[in-house]
Amino acid sequence: MPYEIVWEEKGIHVRNHGRLMERDLYEQIDETNTDPRIEKIDYMIWDSLDVEHFIAHGSSTLVPAITDVRLSERIGHIKNALVATDPHIIEICRHYMAHMERFGSKWDVRLFDGLALARDWIESDPPGF
């Protein structure tokens, strides 16, 4: 698996690495969303800093976004930090963010170019709008 899901005290850190494919996104969603701990998280970090190649495109984010919007209706407001520096992955993240906004997600989703910046934002204010 080109990813590791780390359950932290108040959230999830998904660490992606190596060669990531579209199906890996679906596996991540299935693994996290079926875990009962998902009900009590305040944040999610999707970290792609160590991805060498991501075989996906903007439309690959449609199903994950729909799934996450439904999850947002169930668990409420959380902070969702997307961490990327690769231009292709940034483009995919922006597609996901646009879908989330269009479908009315309750999550605050932001894009960062470093893990420390994402964690600073997570710790700055409680989740919610």
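One-based numbering along the sequence shown. The structure presented is a predicted model; accordingly, all values stated were derived computationally and were not measured.
Rounded to the nearest 0.5 Å, atoms CG (Leu49) and CZ (Phe112) are 12.0 Å apart. For the atom pair Glu31 CD and Asp24 CG, the distance stands at 11.0 Å (nearest 0.5 Å). Remark: Ile38 CD1 to Met44 CE distance equals 4.5 Å, nearest 0.5 Å. Annotation: the span from Met100 atom CE to Thr61 atom OG1 amounts to 10.0 Å, rounded to 0.5 Å. One finds the NE2 atom of His17 at 10.0 Å from the CD atom of Glu52 (value rounded to the nearest 0.5 Å).
In the hydrophobic clustering of this structure, Met1 does not group with Tyr26; members are Ile, Leu, Val, Met, Phe, Trp, Tyr whose side-chain heavy atoms approach within less than 4.5 Å, directly or through other members. Leu117 is connected to Tyr43 through a chain of hydrophobic side-chain contacts under 4.5 Å among Ile, Leu, Val, Met, Phe, Trp and Tyr, so both are in one cluster. Using a 4.5 Å cut-off between side-chain heavy atoms of Ile, Leu, Val, Met, Phe, Trp and Tyr, with links allowed through other members, Ile66 and Val63 fall into different hydrophobic clusters.
The minimum heavy-atom distance between Ser60 and Glu22, with the atom names listed, is OG-OE1, 3.1 Å. Residue Asn33 comes nearest to Arg74 through the heavy atom pair O-NH2, 3.8 Å, listed as atom of the first residue, atom of the second, then distance. Heavy-atom minimum distance, Ile92 versus Ala56: CD1-O, 3.6 Å. In this structure, Ser124 and Lys79 approach most closely via the heavy-atom pair OG-NZ, 3.6 Å. Pairing each heavy atom of Arg37 with each of Ile41, the nearest pair is O-CG2, 3.6 Å.
Evaluation of the side-chain hydrogen bond (donor to acceptor under 3.5 Å, both in side chains) rule for Glu91 yields no partner, not counting sequence neighbours. With sequence neighbours left out, Arg94 forms a salt bridge (charged side-chain N to carboxylate O under 4.0 Å, His left out) with no residue at all. Taking the side-chain contact (heavy atoms from CB on, under 4.5 Å) definition, one finds that Glu101 meets it with nothing, sequence neighbours left out. With sequence neighbours left out, Arg102 forms a side-chain contact (heavy atoms from CB on, under 4.5 Å) with His99. With sequence neighbours excluded, no residue forms a ring-ring contact (aromatic ring centres under 6.0 Å, His included) with Trp7. Evaluation of the side-chain hydrogen bond (donor to acceptor under 3.5 Å, both in side chains) rule for His95 yields no partner, not counting sequence neighbours. Under the side-chain hydrogen bond (donor to acceptor under 3.5 Å, both in side chains) criterion, Ser48 pairs with no residue, sequence neighbours left out. Every residue two or more places apart in sequence or in another chain was checked for a side-chain hydrogen bond (donor to acceptor under 3.5 Å, both in side chains) with Glu9, and none qualifies.
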So Asp50 and Arg15, side chain to side chain contact (heavy atoms under 4.5 Å, CB included) or not? Walk me through it. CA-CA 8 Å; Asp50 293 328; Arg15 296 179 185 155; over 6 Å; no
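Checked options Leu25, Val109, Ile12; the residue passing with Trp46 is Leu25 (criterion: side chain to side chain contact (heavy atoms under 4.5 Å, CB included)).
When atom types are taken as modelled, the side chain of Asn16 and the backbone of Asp47 share a donor-acceptor pair closer than 3.5 angstrom.
Using a 4.5 Å cut-off between side-chain heavy atoms of Ile, Leu, Val, Met, Phe, Trp and Tyr, Met21 falls into a hydrophobic cluster with Ile55. As a member of the Ile/Leu/Val/Met/Phe/Trp/Tyr network built from side-chain separations under 4.5 Å, Ile29 groups with nothing else and remains a singleton.
Using a 4.5 Å heavy-atom threshold, the side chains of Tyr3 and Val51 count as separate. Two residues are said to be in side-chain contact when any heavy atoms from C-beta on lie closer than 4.5 Å; Leu71 and Trp107 meet this criterion.
Other residues, nucleotides and ligands place no more than 12 heavy atoms under 6.0 Å from the CZ atom of Arg70.
Within the structure, side-chain hydrogen bond (donor to acceptor under 3.5 Å, both in side chains) contacts touching residues 109-120 (residues at least two apart or in different chains) are Glu8-Arg119, His13-Arg119, Asp108-Arg110.
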N/O donor to acceptor pairs below 3.5 angstrom from side-chain atoms of residues 80-87, sequence neighbours left out:
unit_1: Asn80; atom_1: ND2; unit_2: Tyr96; atom_2: OH; d: 3.1
unit_1: Asp86; atom_1: OD1; unit_2: His88; atom_2: N; d: 2.9
unit_1: Asp86; atom_1: OD1; unit_2: Ile89; atom_2: N; d: 3.1

